[in-house]
Amino acid sequence: MNVAPSCAASVARNADRNTAGEHWPFRSVLIANRGEIAVRVLRTVQQLGLKGIVVYHAADRGAPAVRIADEAIEITGSTPVSAYLDSAQILQAAKHSGVGAIHPGYGFLSENKAFASAVEAAGIVFIGPKPEHIELMGDKVRARNFVQKGGFPVAPSAIEDDDPASFVERARKVGAPLLIKPSAGGGGKGMRIVRDLALLETEIERARSEGQRYFGDGRLYAERYIENPRHIEVQVLGDSHGNVVHVFERECSVQRRFQKIVEETPSPALTPELRQNICETAAGIARSAGYRNAGTVEFIFGQSGEFYFLEMNTRLQVEHPVTEEITGFDLVHEQLRIAAGEALGYSQQQVTSQGHAIEFRIYAEDPGRGYTPTTGPILVLRPPQGEGVRWDSGVTQGGEVTSAFDPMIAKLIIRGSDRNDAIARADTALRDTVLLGCKTNTAFLRRLIGHPAFVAGDVHTGFLDANPQIAADPEITQDTLKSLLAAAALSTRPMTDAADAIPDLHAAIGSWRN
């Protein structure tokens, strides 16, 4: 995994600032996470001369993060996920190892107020959002009210907590189409689109049931649904000295089931004026909250150029690498500096960018069957290489993809001189990605970026629903299947031997994916 972004010289200065003579108040960092983000954080921690420690469940015993960490501590639980959510056990492991800081990554405990507070109470530095910011922005209704009171744009809405008895009628007055959301929601879970108000009460009850099931909280709110919107988010950095800057925007409109698949920067939808407006709005929201960390302010962007606050993710995002690739920032390094009490040390005018970057989430799933997660051994893994190619992954050949965790197994990040160059490089990189043993979405991603609308930058959050043919796999011929099975049979031999034995392996895989 190449963590240090290999950017052009004109933007490399962003990565070089404040690295000389750094004196850390902590000498070790425990990463309370797993998979590719644990590897990602470890790389920066170790490059800075700090000790990197990970916790791991037995299911991850052979994972790359466990192998490269300076120390690995086993944690237990009734399920692998429950182990990584066991804040008391993780904190005990941190105390036992005498760590000076904890980085939560994303997901799991990264936005858990109680965990962040317990870490601070133990005298350990939390490399993440302050507990009060988690509390403020973690509740969608509270965050929305805060943003609205600050004079920032929010969509017309009705909030159940304001008057539960009149919620249905107030939602009806907002008008169709409506988007019903759990107040404590995230990841698209529990969200319902209502275009026929005759179904409003039924959809509210369904959303309430899902909110209770996923988050233990059935409270809801409803807001005007913007048809075919784009999803644009802005990376922000804030320190403990009151300094806040934005690090430009990311377009995250290509989604399935309200979950992102492809992210890119710059957004092809924004003019320079709109870019300045939306980025300064995000920085203003973070500044008004006194925010400290590397976070993301997210917006719904309408077809006429209007945009509304959606939510704020107070921790590092999955898609942060595309920002790193065009700016030269190492955002994990910035998180460590901020947590150490340092000032940002640069102004908004000094934050520059160059080129275009696209991130592809590599999922173990079958797009042709409703994006159903897949499992299996990783018999052959050959990541793509080349200029502008970055592969962030938490899996290796010989490992196994199970149903215990989210199906994202890697991220492919492509940097080009412009968007067309990035798309061309992405097509080559996706074609060259070899992962056999479980089905992935790489062929689907190639079809996606070859679609004329994507090439033109004309996408929205409902793009995949409107173009179901992109998800449909072509039939696999018997000859191709034989080649794939032969490659799997040779997977225990060195990859060079396998390639020599089956010289047409790449061609076979390429024809299957096309």
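Heavy-atom basis, side chains included; hydrogens, waters and symmetry copies ignored.
- Listed by first and then second residue, the side chain to side chain donor-acceptor pair (under 3.5 Å) pairs that reach into residues 109-118 are Glu111-Thr314, Glu111-Arg315, Lys113-Glu135, sequence neighbours excluded.
- Asn33 approaches Gly107 most closely through the heavy-atom pair ND2-O, 4.2 Å.
- Among residues two or more places apart in sequence or in another chain, the ring pair (Phe, Tyr, Trp, His ring centres under 6.0 Å) test is passed with His231 by none.
- At least one donor-acceptor pair under 3.5 Å links the side chain of Gln89 to the backbone N or O of Thr76.
- Here Tyr84 pairs with Asp60 under the side chain to side chain donor-acceptor pair (under 3.5 Å) rule; sequence neighbours left out.
- Of the listed residues (Gln235, Glu298, Glu263), just one forms a side-chain hydrogen bond (donor to acceptor under 3.5 Å, both in side chains) with Gln317, and that residue is Glu298.
- Judged as a side chain to side chain donor-acceptor pair (under 3.5 Å), and not counting sequence neighbours, the contacts of Asp70 are Gln46.
- Between the side chains of Ser253 and Glu251, at least one donor N or O lies within less than 3.5 Å of an accepting N or O.
- Considering all non-hydrogen atoms of both residues, Leu42 and Ala65 come closest at CD1-O, 3.5 Å.
- Thr374 places a side-chain N or O within 3.5 Å of a backbone atom of Lys439 that can act as its donor or acceptor partner.
- For the pair Arg27 (side chain) and Gly100 (backbone), a donor-acceptor distance under 3.5 Å is absent.
- With a 4.5 Å cut-off on side-chain heavy atoms, Thr433 and Phe360 do not count as touching.
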task: Show the numbers, then the answer: is there a salt bridge (charged side-chain N to carboxylate O under 4.0 Å, His left out) between Lys411 and Glu319?
output: CA-CA 9 Å; Lys411 300 184 307 195; Glu319 57 271 21; over 6 Å; no
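- Side-chain contact between Ile73 and His96 is absent, with no heavy-atom pair separated by less than 4.5 Å.
- Between Arg431 and Asp427 there is no salt bridge, since no side-chain N of the basic residue sits under 4.0 Å from a carboxylate O of the acidic one.
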task: Determine, stepwise, if the pair Phe454 / Phe463 fulfils ring-ring contact (aromatic ring centres under 6.0 Å, His included).
output: CA-CA 9 Å; Phe454 182 89; Phe463 177 70; 7.5 Å; no
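- A cation-pi arrangement is present between Arg256 and Tyr363 under the rule of less than 6.0 angstrom and at most 45 degrees off the ring axis.
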CA sep, side-chain torsions, deciding dist, call: Asp473, Phe444, side chain to side chain contact (heavy atoms under 4.5 Å, CB included): CA-CA 7 Å; Asp473 270 329; Phe444 155 78; 5.7 Å; no
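- Rounded to the nearest 0.5 angstrom, Glu210 CD and Arg213 CZ are separated by 5.5 Å.
- Under the 4.0 Å criterion applied to side-chain N and carboxylate O atoms, Glu311 and Lys181 are not assigned as salt-bridge partners.
- For residues 35-54, there are no ring pair (Phe, Tyr, Trp, His ring centres under 6.0 Å) pairs, not counting sequence neighbours.
- Of the possible polar contacts, none joining the Asn441 side chain to the Ala471 backbone as a donor-acceptor pair under 3.5 Å is found.
- Side-chain atoms of Trp24 and Val29, non-hydrogen and from C-beta on, never get closer than 4.5 Å to each other.
- Using a 4.5 Å heavy-atom cutoff, the side chains of Ile90 and Phe115 are in contact.
- Interatomic distance, Leu379 CG to Glu400 CD, rounded to the nearest 0.5 Å: 9.5 Å.
- With sequence neighbours excluded, the residues forming a ring pair (Phe, Tyr, Trp, His ring centres under 6.0 Å) with Phe248 are His246, listed by chain and number.
- Without hydrogens or angle criteria, Asp239 side chain to Leu344 main chain gives a donor-acceptor distance under 3.5 Å.
- Considering all non-hydrogen atoms of both residues, Ile232 and Ser267 come closest at CD1-OG, 3.7 Å.
- With Ser97 contributing its side chain and Val99 its backbone, the two residues share no donor-acceptor pair below 3.5 Å.
- Within the cation-pi definition used here (under 6.0 Å to the ring centroid, within 45° of the axis), Arg250 does not qualify as a partner of Phe301.
- Of the possible polar contacts, one joining the Asp366 side chain to the Gly368 backbone as a donor-acceptor pair under 3.5 Å is found.
- If you take NE2 on His333 and CG on Leu336, they are separated by 7.0 Å, rounding to the nearest 0.5 Å.
- In this structure, Arg34 is positioned above the aromatic face of Phe405, its NZ or CZ under 6.0 Å from the six-membered ring centre and within 45° of the axis.
- Looking at residues two or more places apart in sequence or on another chain, you find a ring pair (Phe, Tyr, Trp, His ring centres under 6.0 Å) between Tyr291 and His133.
- In this structure, Ile261 and Leu445 have side chains that are in contact, with non-hydrogen atoms separated by less than 4.5 Å.
- Under a 4.0 Å N-O distance rule, the pair Arg61/Glu74 qualifies as a salt bridge.
- Between the side chains of Thr442 and Arg446, not a single donor N or O lies within less than 3.5 Å of an accepting N or O.
- Residues satisfying the side chain to side chain donor-acceptor pair (under 3.5 Å) criterion with Thr79, sequence neighbours excluded, are Ser82.
- Atom CD1 of Ile75 and atom CG of Leu85 lie 9.0 Å apart (nearest 0.5 Å).
- Here the side chains of Thr428 and Arg425 are not in contact, with every heavy-atom distance at 4.5 Å or above.
- Summarising the geometry, atom CG belonging to Leu435 is positioned 5.0 Å from atom CG belonging to Leu381; distances are rounded to the nearest 0.5 Å.
- Scanning for side-chain contact (heavy atoms from CB on, under 4.5 Å) contacts around Ser240 gives Arg292, with sequence neighbours left out.
- For Tyr106, there are no ring pair (Phe, Tyr, Trp, His ring centres under 6.0 Å) partners at least two apart in sequence or on another chain.
- Here the CZ atom belonging to Phe215 is positioned 12.0 Å from the CG atom belonging to Asp139, to the nearest 0.5 angstrom.
- Put simply, the side chain of Arg419 gets close to the backbone of Val455: a donor and an acceptor are under 3.5 Å apart.
- Considering every non-hydrogen atom in both Gly416 and Asp421, the closest pair reads CA-OD2, 3.3 Å.
- Closest approach of Val244 to Gly238, counting heavy atoms only: CG2-CA, 4.1 Å.
- Looking at residues two or more places apart in sequence or on another chain, you find a side-chain contact (heavy atoms from CB on, under 4.5 Å) between Gln335 and His103, Ile127, Asn293, Ala294, Leu316, Val332.
- Across all their heavy atoms, Pro384 and Leu412 have their closest contact at CG-CD1, 3.7 Å.
- Ionic pairing of Lys260 and Glu359 is not present here: no N-O contact between side-chain nitrogen and carboxylate oxygen is shorter than 4.0 angstrom.
- Side-chain contact check for Ile378 versus Ile409: every heavy-atom pair is 4.5 Å or farther apart.
- No donor-acceptor distance shorter than 3.5 angstrom exists from the side chain of Ser353 to the backbone of Thr327, with no hydrogens or angles considered.
- Checking side-chain atoms of Glu324 against main-chain N and O of Leu331 turns up a donor-acceptor pair under 3.5 Å.
- A search for side chain to side chain donor-acceptor pair (under 3.5 Å) contacts involving Asp217 returns Arg219, not counting sequence neighbours.
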